[in-house]
Amino acid sequence: MQFPVKKGAPPGNWKTECAILPLFDDGPLQGATQAFDTAGGGRIAQFVEEGHASGEPGRTAFLHGLDGTKAANALLVGCGKRDRFNAKKLRSALATAAGALAPTGIRTAMSYLAHDDAAGLDDYYAARVTVETFRASFYKFDELKSKHEPKPKMATVGLQAADATAEERTRRGVADGLAIAAGVELARDLGNLPANYCTPAHLAKAARGIANGHDNFEIEVIDERGMKKLAMGALLSVTHGAEEPAQLIVLNYRGAPNGASPVALCGKGITFDTGGISIKPGAKMDEMKFDMCGAASVLGAMKALGELEAPVNVVAIIPACENMPGSRATRPGDIVRSMSGQTIEILNTDAEGRLILADALTYAKRFEPRYVIDIATLTGACVMALGKVYTGLFTNDEELAARLLDAGRRSLDPAWRLPADDEYGESMKSNFADFANLGARYAGASSAAHFLSRFADRKGWAHLDIAGTAWLEGDRKGATGRPVPLLVDFLLNL
Ligand code: BES
Ligand code: MN
Ligand code: ZN
């Protein structure tokens with residue numbers, strides 16, 4: 001899909017099959033909608049008057065043959081109250097428009113949804129959200145179906161910019177939006193791919209694919225022998241029950257001068273989480289194929305950085321393995337020595353994400369990173385706390401917290417801060433090892449985060465618990481690609 005930017009005032013001279021126009025609940029027609037109405041001889045106002053269209057959110061109506069303009073049709077999209085319109089509502093309106101256009105066979109459209117003055121939307125972000133939303137709306141994962149549905153016809157969505165400044169911002173928004181969309185799609189593809197395809201080796205292959213695309217990347221994949229040499233006893237204990245070999249993927253992106261210290265991104269890459277010997281109940285266990293979505297989001301962000309040739313240094317560290325039961329699997333009560341030297345009593349083999357991340361966080365130290373951020377589908381408790389709306393953010397660094405929260409807000413991929421203070425570690429005391437991998441029943445997301453902080457062992461660390469936000473359930477079941485937009489926005493604004 002292409003997103004050309006056109007400079008000028010609506011209705012403009014741009015030939016299109018469909019002008020996508022906002023319609024509000026209150027007040028007279030304004031902005032682009034009014035300009036089209038005037039050029040079209042008042043037909044839009046009449047159409048609304050007759051009750052064929054309204055500003056009700058989610059409602060759409062096509063108006064055919066908009067004579068007097070270069071648009072063959074108009075798609076009127078309900079946007080609710082004018083003074084409540086914002087970036088989030090814009091995204092809903094865009095998704096509604098994409099849904100209405102998909103079955104029509106229309107190939108070219110121009111979106112004017114962001115161009116009602118009332119919204120006061122930032123040109124850059126409005127363009128970015130337009131690209132991201134259209135691409136997400138047309139995303140499909142059907143590579144494993146024997147019959148593919150016909151591809152939607154939509155090929156071009158133009159964006160209008162009022163003047164040269166707006167045009168420049170809009171173009172930047174489109175470019176960043178395209179890169180983020182590509183990253184989100186990679187993360188969604190990897191997440192949706194089931195565990196019999198998406199193995200640790202497959203994740204390594206995907207990382208190699210990113211590295212081969214651009215000179216700025218360097219990749220190293222460490223196998224189990226290498227992990228043993230590095231004394232990664234925590235990571236190795238998780239993969240012990242699995243036939244499928246574990247992989248530690250280290251993907252380095254250098255977009256800034258060599259001296260600049262990198263940001264380290266550690267992504268949980270459990271390609272399937274059975275729980276191990278502490279085996280999970282059967283209901284919805286299929287969703288544990290998504291337990292590598294942290295890894296997938298890190299790869300998605302790296303892909304976007306590569307496409308944008310972003311001026312930052314980032315190192316991705318991805319521990320990837322399966323968590324399986326079996327005669328060689330780690331047992332509850334087993335004690336393992338992590339790469340950091342700290343010993344861990346494994347009281348529950350289903351608390352495996354923190355174990356593989358523990359060694360990844362220790363490994364990250366060798367890059368002397370400016371920030372270390374881990375991304376993980378870590379706890380069911382985080383889903384209980386925040387649902388599927390906010391990603392859980394845990395950090396000991398106020399400045400980093402502000403940066404990540406802002407990035408989430410701006411990119412409509414929001415995070416909410418939760419605590420990880422030392423008190424949350426008190427219930428993880430062990431009589432036999434330095435501490436256990438399991439805390440008390442309460443505040444499970446915070447005790448897991450606290451566990452990680454013992455391995456990050458520094459300021460400038462943050463943990464994103466995406467257990468709720470990485471995928472959707474029910475008839476929209478599938479990976480979301482979150483938090484790729486948050487991560488890329490954060491990295492672009494460093
Ligand atoms: N991958 C799961 C967390 C998870 C569960 C994410 C459900 C999304 C939906 C993680 O490895 C896990 O099993 N966590 C346990 C930890 C517990 C044993 C302390 C959990 O949350 O139940
Ligand atoms: Mn688990
Ligand atoms: Zn898990």
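We count ligands from 1, going down the list as the structure has it; atoms in each ligand are counted the same way. This chain uses plain numbering: 1 for the first residue, then up along the sequence.
In this structure, the side chain of Asp421 does not engage the main chain of Glu423 through any donor-acceptor pair within 3.5 Å.
With respect to Glu132 and Arg91, no salt bridge is recorded, no charged nitrogen being found less than 4.0 Å from a carboxylate O. With respect to the salt-bridge test (charged N to carboxylate O, under 4.0 angstrom), the residues Asp374 and Lys268 do not qualify. By the 4.0 Å N-to-carboxylate-O rule, Asp406 lies too far from Arg403 to be salt-bridged with it. Of the charged side-chain nitrogens involved, none lies within less than 4.0 Å of a carboxylate oxygen, so that Glu243 and Arg328 do not count as a salt-bridged pair. Ionic pairing of Asp457 and Lys365 is present here: one or more N-O contacts between side-chain nitrogen and carboxylate oxygen are shorter than 4.0 angstrom. Under a 4.0 Å N-O distance rule, the pair Arg128/Asp489 qualifies as a salt bridge.
Every atom of ligand 1 with a heavy atom of Leu438 under 4.0 Å away is listed here by number and element: 19 (C). Taking every heavy atom of Lys268 and a limit of under 4.0 angstrom, the matching atoms of ligand 1 come to 1 (N), 10 (C), 11 (O). Against a heavy-atom cut-off of under 4.0 Å, Glu352 is close to the following atoms of ligand 1: 11 (O). Within the listing of ligand 1, atoms 1 (N), 2 (C), 3 (C) sit less than 4.0 angstrom from a heavy atom of Thr377.
Inclusion of Asp273 in the first shell of the Mn ion (ligand 2) is supported: an N, O or S atom falls under 2.8 Å.
Between Leu355 and Ser237 there is a side-chain heavy-atom pair separated by less than 4.5 Å. Contact annotation: the side chain of Ile222 approaches that of Tyr363 to within less than 4.5 Å [non-hydrogen atoms, C-beta and beyond].
The Mn ion (ligand 2) lies closest to atom OE1 when only the N/O/S atoms of Glu352 are considered. Checked against the Zn ion (ligand 3), the N, O or S atom of Glu352 at the shortest distance is OE2. Residue-level check: among N/O/S atoms of Asp273, OD2 sits closest to the Zn ion (ligand 3).
Considering both main-chain and side-chain atoms, Lys280 comes within under 3.5 Å of ligand 1 through a nitrogen or oxygen pair. Checked against a 3.5 angstrom limit, the closest N/O atoms of Gly353 and ligand 1 fall outside it. Every N/O-N/O distance between Trp471 and ligand 1 stays at or above 3.5 Å.
Taking the six-membered ring where the residue is Trp, Phe490 and Tyr371 present tilted rings, their angle falling between 30° and 60°.
Atom 6 (C) of ligand 1 has as its closest protein heavy atom Ala467 CB, 3.6 Å. At the shortest separation from atom 2 (C) of ligand 1 among protein heavy atoms lies Asp273 OD2, 3.6 Å. The nearest protein atom to atom 1 (N) of ligand 1, hydrogens excluded, is given as Asp291 OD1, 2.9 Å; this is a heavy-atom distance. Regarding atom 16 (C) of ligand 1, its nearest protein heavy-atom neighbour is Arg354 NH2, 3.9 Å. Leu378 O, 3.3 Å is the protein heavy atom nearest to atom 10 (C) of ligand 1. Scanning the protein heavy atoms around atom 21 (O) of ligand 1, the nearest turns out to be Gly380 N, 2.7 Å. Ranking the protein heavy atoms by distance from atom 7 (C) of ligand 1 puts Met288 CE, 3.7 Å first.
Vertex the Zn ion (ligand 3); arms to Lys268 atom NZ and Asp291 atom OD2; angle 90° (nearest 10°).
Heavy-atom neighbours of Glu473 CD from other residues, nucleotides or ligands within 6.0 Å: above the threshold of 12.
The option from Asp350, Thr349, Thr379 that lies nearest to atom 13 (O) of ligand 1, judged by heavy atoms, is Asp350.
Considering Leu378, Ile375, Leu418 as possible partners of Asp465, the one that fulfils the side-chain contact (heavy atoms from CB on, under 4.5 Å) test is Leu378.
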